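Please read these numbers as outputs of a predicted model, since none were measured by experiment. Chain naming here is simple, since letters A, B, ... match the order of the sequence lines and numbering starts at 1 in each.
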Amino acid sequence: QTLEKSSVGVLALSSSGPIFIAKAKGYFAKEGLDVELKMFTSAQQVPVAVASGDVDFGVTGLTAGFYNLAAKGAVTIVAAQSRDEPGFPLSAYVATNAAYEAGLTKPSDLKGKRIAITTVGSTFHYMIGILGQKYGFTVKDVTMVPLQDVPKMVSAFKGGQVDAILAPSTVSRQVVADGAGKIVGWAGDETPWQLGALFTGPKTIQQRRPVVEKFIRAYKTALAEYHAAFNAKDSSGALVKGPGYDELVAIIAEATKQKPEIVTAGLPYADPQAKLLIDDVVNQVKFWQSEGQVDKTLEPKSVMDLSFVGQ
Amino acid sequence: MSEILRSDALPSASPSLSGPQPVRFRGGGFTVRRHPWAALAAFAVLIGLWEGASRIGLASPLFLPPPSAVGAALSVMVTDGSLWLNLKASLGRIAVGWTLGTLGGMLVGFAMGIGSLARAVGVPLVSAFFPIPKIALLPLFILWFGIGEPSKFATIGFGVFFPTVIATYSAIDSVPRNLIRMAQSFGLPWRSILRSIVLPGALPGILAGFRISSSIALILVVAAEMIGAEYGIGAFVLMAGNLMQTDTLLAGVLVLSLMGLTIGTLLSLLERRLLKWR
Amino acid sequence: MSEILRSDALPSASPSLSGPQPVRFRGGGFTVRRHPWAALAAFAVLIGLWEGASRIGLASPLFLPPPSAVGAALSVMVTDGSLWLNLKASLGRIAVGWTLGTLGGMLVGFAMGIGSLARAVGVPLVSAFFPIPKIALLPLFILWFGIGEPSKFATIGFGVFFPTVIATYSAIDSVPRNLIRMAQSFGLPWRSILRSIVLPGALPGILAGFRISSSIALILVVAAEMIGAEYGIGAFVLMAGNLMQTDTLLAGVLVLSLMGLTIGTLLSLLERRLLKWR
Amino acid sequence: MRLLVSDLTHRYEDLTVLDGIDLTLAEGEVLAVIGPSGCGKSTLLGIAGGIVAPTSGRVSVEGPLPDGCLNPITFIFQDFALLPWRSVEDNVALVLEHHPLPTAERRERIETGLRRMGLWEFRKALPKQLSGGMRQRVGIARALAVRPAMLLLDEPLSALDAQTRELLMDDFLDLWRREKTTALYVTHNLDEALRLADRVVVLSRRPGRIREIVTVEEPRDRRQAPSAQAHLAEVRERLWHLMKAEAQMADREIAHV
Amino acid sequence: MRLLVSDLTHRYEDLTVLDGIDLTLAEGEVLAVIGPSGCGKSTLLGIAGGIVAPTSGRVSVEGPLPDGCLNPITFIFQDFALLPWRSVEDNVALVLEHHPLPTAERRERIETGLRRMGLWEFRKALPKQLSGGMRQRVGIARALAVRPAMLLLDEPLSALDAQTRELLMDDFLDLWRREKTTALYVTHNLDEALRLADRVVVLSRRPGRIREIVTVEEPRDRRQAPSAQAHLAEVRERLWHLMKAEAQMADREIAHV
Ligand SMILES: Nc1ncnc2c1ncn2[C@@H]1O[C@H](COP(=O)(O)OP(=O)(O)OP(=O)(O)O)[C@@H](O)[C@H]1O
Ligand SMILES: Nc1ncnc2c1ncn2[C@@H]1O[C@H](COP(=O)(O)OP(=O)(O)OP(=O)(O)O)[C@@H](O)[C@H]1O
Ligand SMILES: [Mg+2]
Ligand SMILES: [Mg+2]
């Protein structure tokens, strides 16, 4: 029996772990799919690749660009990826030493500061937005400095040209270890939200619905395994190693070309049923619309097709 | 014989022309005729086809938004003031960076045009630095000058500097030697020769250099604004790209094209004013 | 009277020269003398000063690594094979993109050079597209051609296309009309005139265009590689900048400079071969 | 070959350049055309050679063609019009390329022309390697290669220095002594016209009209003799008298402030 | 002013251009220099004018200067050497600018020169708006503005067409009739030399040596007369005889294969 060909665009990050697991442990093959992994270097590119038909599926963080593609009917969310969740250190607010001494000691102090982000419309931009929603300020109250990529954010941070950055855990810890700044909070603790999703093109859903169903079944199997291994907590609320922990870390380390200890330090939370934080997705769309970066006519719920995960 | 004559100007089958034969016209072709409306028509047809293709769904509005969408995006830019904001930021950067680079380049170019030693030293240095794409130096400029305006000025300034140096010293080289000899033969002092002959004689070449350096400045302002710029046409286009707003992106590109055309037109006016004598 | 004569070629205080007076030399200056060693000396002094400044701690090695560190970084690139890997990637992209853009540009340029209608339509279109910095179109190209090689080829190809069009049709315009008239007066057919006169006559202009388009290709390969390329000198430089490895960055820049110089030299050789007749 | 020009008028857009020209060239005659700058001499030649289409009027030719004539009406240009990228022999070959000739004849035509102009040892040279005089000799060799019935010469010597000009005038005299090719010879130079032409047409300043046609009685080959000088000086005087005022005015008219 | 050239030799790097030139220009004399291309005529003039430094030999001047002379030795150039960005009057003004003159005198010098050359109505024109002949007239007006004691003319007419050349020769004759300025006149053109010069120096081809100095007996103003033609034709014959072989060889020597 020949396997049906399919492809998925991913970033080489731990958050794509379930895809790596499903591929490595043969869950796709079990469903009769031959899934090719295509690695991309930035979150912008994955939905574009889906939209242009280069790949069938994509898993990555949700950005304003993504919703614009969704608005034009190029992509649809079909399942959840990772999310920011209390107790899971994924993205940190990091203050420079100078800013810290000047009183930037907790996330709410970010109001009125210069913050480096990658690009306008990125996940970091939204995280500032929801932080503001929580503490009563808007994006206009901070100065966002778009620097295209994380390394440049770090150099601007180290050079003292911004007061703070929002950065992934590994980067944040490295910055702190270098003595260049202090972590003042974690986005997961402050503002839990739906960081990423699995998506495909509406055409694929229409024309190859069985493939989508098979893909998501395999994905959910891997996701459940991932959740059990990495997201388990003991009664005190501390994280513990779940079943198959080392095997799965090895798979992810191999796929992301990272050292296992780096991988273990930044494993995000993922819902075992691949269920989405629907309210947050709606909030995201509304936020981008209020920022003027997504078409106002977009109906927030229309970006999702939840039939596959049964929500 | 008749074989040979067949391909001739005179349609005759014999080596002698009996009666008078009119001389056949054999010029023509290779002349430029004017088609004053062709350009307008071409633009109209192009835009019409493009709009039509979008309307009947041949081109997805995501990949190629119709002209009407681009126009709408542009009018949004105009009404919400972002056009002016971004334009101002970019034009300011071009003005400062270009002026710095041009002044420096002309100074060095003049030294190289007049002084043999400056030239001997300068030419190889310039040829080594000139081919380096200045965007490759962006990371370095960010390290040196930070992510603020100075690094953007530096990127544009350095990009403009080298072509200006080359244009200036070549322009001085192209000042007719016979004019200098003439001035010497009338006993004009060195400074007069420089002021009255070398400078005005080098002007056309220097102005031609401005044309090149201004288009380089336009490229580099876009590149420089990709890093750490809040406003600016480059930042705007990049943002539109990131947000997958192709209509806005094309509106930004249109603005860039108009900026380039405007700068070019201004330079032409300047040339026509200053070089009336040509 | 003596007042007037004082500033003269002839050192005399009276309106008559009593005895024979030698004619005073008043030429000189404004001539280019050669200083064959100056360039080498300048490079040596520059590198020496730079190295010295780093050694005695005047310049921080992070911001301006000494030449020795750059050299070391370069030799690491050579030994670990990354130089070759990155160079190969960039050169491949330049080769494909430049060739596509040049072929297309020459085709369109020829059509515009020969056909009046093609010109009437083409000139305004080209002048509208030419000033757009091609990096601004990168997001669009990624959308159209994906993030792989095709979008990089397209960026380089489009960047090269427009200057080639302009160079080609200007080159055809600059083919001396008198040669075409001569050919017509000898009854040469249209195709012969095109092949024997227009084509070779346009060659110098086209080759001069290659010089511009190759340097544009070099800029654009760096720009294109800054977005989603694993290998390539542009990606390499960007990565070095991101990692704050200024020595590696400068090594990459050095490689770019050498690439530019090499391409320029190759074009000079080509010109000298093909345009021996000038 | 004879040339018949009748009631020829030419306009470039609004600029009338030639007005009512009537002219006949007899078989083997050398007719010089002189006239102030811009009076339409080159235009007249272009029309006679079929590379300018006249606004109105008739231009026709009749009479025998030389053996092997490939291009009855052939130009010799002021700026030589050599292809700089072709060697001397390839420049001559150019005008034979589109004719179906046996290789031997093709080679023979090239060699004869070059030898006659003393260029055989320079056949591999590029134009830039030659002096102006030799370049024009290549132009002549090229014209001879097509065995023309009529030569149209547009100031063929005015790009040369005076001494080379003297040498080339001898070459032309030699050519007409041997070949007797009909020729229309445009020049600014009275002395040139007086050395080479049977008759001299004087054109008025623009729009060019025929002011007078002066015949030089002395045969071409005897004009160097001291005995001929008085007659030539007289013709020269007459021509210069016809020309002077026109030339003065034409010279000032070019200026536009 | 008199010019004395003795044992002059000039080399450009390895190329010997002039070899052992001895020459004297008498007060008010017009001496023509003819010789084949590249024989060093312009170099000789450059040395006499002090803008080329000779390799060896002496060049000196003596004698009275005209009233108000600002630049005793003054050039007139083949290519006119006008500043294209300056108007006619400003081109003349250029050579007065570095002299401390009263404004009235400055203006008077410019006006006199321009009026004499018939350029006063064109004083605001740019060079590109003038014909070649008028451009050279500006060159002459400029030279006159400094009241020169000696004129060095380097083929001043060879960029002009033959008819304009005739007109300008009359201007020169007029100038020497009035001013009697000593002049060294380089030309390729025998007829020009015979019209304008008192004596004609014939140079050999490079390295230029003096082959002969021929005196034209007939006074300059009477040379147009029919009675003078025989003598002039004879001198011309002699000069051409001296030149012809040199010119032929020089013409071929320029070619390099
Ligand atoms: N293709 C053209 N289009 C418009 N005007 C032209 C064209 N060719 C020539 N003229 C004008 O027509 C006039 C006559 O030109 P033509 O070249 O025939 O004069 P000419 O007598 O040969 O002058 P010259 O002695 O300077 O060679 C000139 O005023 C010239 O500017
Ligand atoms: N600055 C220079 N450096 C080297 N060689 C030169 C220089 N100027 C002239 N020559 C050469 O010296 C020779 C004589 O030059 P010059 O200009 O004096 O000749 P000419 O007699 O005026 O020639 P023509 O009649 O062509 O004007 C020529 O072969 C020329 O190439
Ligand atoms: Mg003409
Ligand atoms: Mg000379």
Side-chain angles (χ1 to χ4, degrees), chain B residues 102 106 109-110 113-117 119-120 164 167-211 266-278, chain E residues 42-43 45-53 69-88 90-100 109 124-130 135 138-139 141-148 150-156 159 184:
Chain B
T102 298
M106 277 172 59
F110 260 104
I114 293 164
S116 294
L117 195 66
R119 158 159 327 195
T164 307
T168 306
Y169 88 72
S170 318
I172 291 180
D173 271 3
S174 75
V175 173
R177 291 285 113 177
N178 66 326
L179 295 183
I180 292 174
R181 284 191 131 211
M182 179 277 291
Q184 288 178 331
S185 81
F186 278 98
L188 263 77
W190 193 84
R191 291 181 59 92
S192 297
I193 296 181
L194 212 60
R195 200 188 51 238
S196 304
I197 294 172
V198 176
L199 252 154
L203 198 60
I206 293 173
L207 287 181
F210 282 8
R211 217 166 258 287
L266 288 178
L267 282 177
S268 296
L269 283 178
L270 191 72
E271 274 186 356
R272 216 170 305 153
R273 258 193 94 81
L274 291 180
L275 307 180
K276 258 188 288 210
W277 49 270
R278 285 212 300 193
Chain E
S42 299
T43 305
L45 227 52
I47 293 171
I51 55 175
V52 173
C69 171
L70 295 174
N71 192 50
I73 309 177
T74 295
F75 280 85
I76 290 179
F77 300 89
Q78 173 178 8
D79 53 12
F80 322 138
L82 303 180
L83 306 188
W85 51 86
R86 287 199 177 205
S87 68
V88 164
D90 290 344
N91 259 289
V92 178
L94 174 81
V95 300
L96 303 174
E97 272 166 13
H98 62 293
H99 293 288
R109 280 172 184 253
K124 302 281 180 208
L126 288 171
K128 67 159 181 190
Q129 298 171 303
L130 304 179
R135 284 181 214 177
V138 179
R142 176 177 62 190
L144 295 179
V146 294
R147 313 267 157 86
M150 181 161 75
L151 283 177
L152 302 178
L153 305 102
D154 194 355
E155 306 187 37
L184 196 54

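- Of the two parts of E:Leu94, the backbone and the side chain both hold a non-hydrogen atom closer than 4.5 Å to a non-hydrogen atom of chain B.
- Within the 4.5 angstrom heavy-atom criterion, only side-chain atoms of E:Phe77, from C-beta onward, approach chain B.
- Summarising the geometry, atom CD belonging to B:Glu271 is positioned 6.5 Å from atom CZ belonging to B:Arg278; distances are rounded to the nearest 0.5 Å.
- For B:Leu274, no part lies near chain E; criterion is any non-hydrogen pair under 4.5 Å.
- The closest donor-acceptor contact from the side chain of E:Asp154 to the backbone of E:Gln78 lies at 3.5 Å or more, if one exists at all.
- Once rounded to the nearest 0.5 Å, the distance linking CZ of E:Arg142 with CG of E:Leu96 reads 11.0 Å.
- For the options B:Leu179, B:Leu275, B:Ile197, heavy-atom pairs under 4.5 Å to chain E are most numerous at B:Leu179.
- Between B:Arg119 and B:Asp173 there is a salt bridge, since a side-chain N of the basic residue sits under 4.0 Å from a carboxylate O of the acidic one.
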